[in-house]
Amino acid sequence: MYELKTKENDSNVIEFIEAVENEKKRDDAYKLLDIFTETTGFEAKMWGPSIIGFGSYHYKYKTGHEGDAPLVGFSPRKEKISLYFAPGDPEREKVLDSFGKHTTGKACVYINKVADIDQDVLKQLINQSMSFLQKTYSNP
């Protein structure tokens, strides 16, 4: 049976950020930590070795695959900063139009630095993603 690697764990978020080698990325990670914490109201938790997540939800796909994931999160990776939002949210693309300099993947939005983006739009994306996931995966 497949075991999900990205699980919530007890690793220390601040220690993880302090270990980020690039000083500018480290500074941006602290800015994002503040924005995500303030916007979500959730305490930051480590998910896997490198994702800082906020809140959680339980998903179950039609295939039977299920697990837990953070509602939103980010990871200060070497190349770019990965922002994790709801996969499958049809409204995301509309909001991203006014986000600033970024690229996208299936569930991720990639940025080079916080200065490249509109922080108010980031807060909107965080709230929209949490709302979408809580509606989509709410337990009746």
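In what follows, residues are counted from 1 in the order of the sequence shown.
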Side-chain contact, heavy-atom cut-off 4.5 Å: [X] with [Y]?
X	Y	answer
Phe54	Ile126	no
Glu8	Asp68	no
Phe132	Pro90	yes
Leu32	Leu122	yes
Lys45	Pro70	no
Tyr59	Thr136	no
Leu125	Ser129	no
Leu33	Ile14	yes

Nearest atoms (heavy-atom pairs only) where [X] meets [Y]:
X	Y	value
Ala44	Val13	O-CG2, 3.7 Å
Asp120	Asp118	N-OD1, 2.8 Å
Trp47	Gly55	CZ2-O, 3.9 Å
Leu71	Leu133	O-CD1, 3.2 Å

Pairwise distance [atom1]([X]) to [atom2]([Y]) - rounded to 0.5 angstrom:
X	Y	atom1	atom2	result
Gln119	Gln124	CD	CD	14.0 Å
Glu15	Ser11	CD	OG	8.5 Å
Met130	Phe85	CE	CZ	11.0 Å
Leu83	Cys108	CG	SG	8.0 Å
Ile51	Phe16	CD1	CZ	9.0 Å
Met46	Asp10	CE	CG	11.5 Å

Using a 3.5 Å distance criterion without hydrogens, assess whether the side chain of Asn9 forms a donor-acceptor pair with backbone atoms of Gly48. yes

Side chain of Arg26, backbone of Val20: donor and acceptor closer than 3.5 Å? yes

So Val72 and Thr39, side chain to side chain contact (heavy atoms under 4.5 Å, CB included) or not? Walk me through it. CA-CA 11 Å; Val72 290; Thr39 305; over 6 Å; no

Single hit among Lys80, Lys101, His102 for side-chain contact (heavy atoms from CB on, under 4.5 Å) with Tyr110: Lys80

Derivation of the side chain to side chain contact (heavy atoms under 4.5 Å, CB included) call for Lys24 and Lys113: CA-CA 8 Å; Lys24 288 185 170 115; Lys113 55 188 182 284; over 6 Å; no

Whether the Arg77 and Ser50 side chains hold a donor-acceptor pair (N or O, under 3.5 Å, no angle test) is what I'd like checked. yes

Give a yes-or-no answer on whether the side chains of Glu18 and Tyr30 include a donor-acceptor pair shorter than 3.5 Å. yes

Are Phe36 and Phe74 an aromatic pair, judged by ring center distance below 6.0 Å? yes

Is the CD atom of Glu93 crowded by more than 12 outside heavy atoms at less than 6.0 Å? yes

Any salt bridge linking Lys25 with Asp28? Criterion: basic side-chain nitrogen under 4.0 Å from a carboxylate oxygen. no

Residues Thr37, Glu43; criterion side chain to side chain contact (heavy atoms under 4.5 Å, CB included); working and verdict: CA-CA 6 Å; Thr37 300; Glu43 179 185 350; over 6 Å; no

So Leu96 and Thr104, side chain to side chain contact (heavy atoms under 4.5 Å, CB included) or not? Walk me through it. CA-CA 9 Å; Leu96 284 172; Thr104 59; 3.6 Å; yes

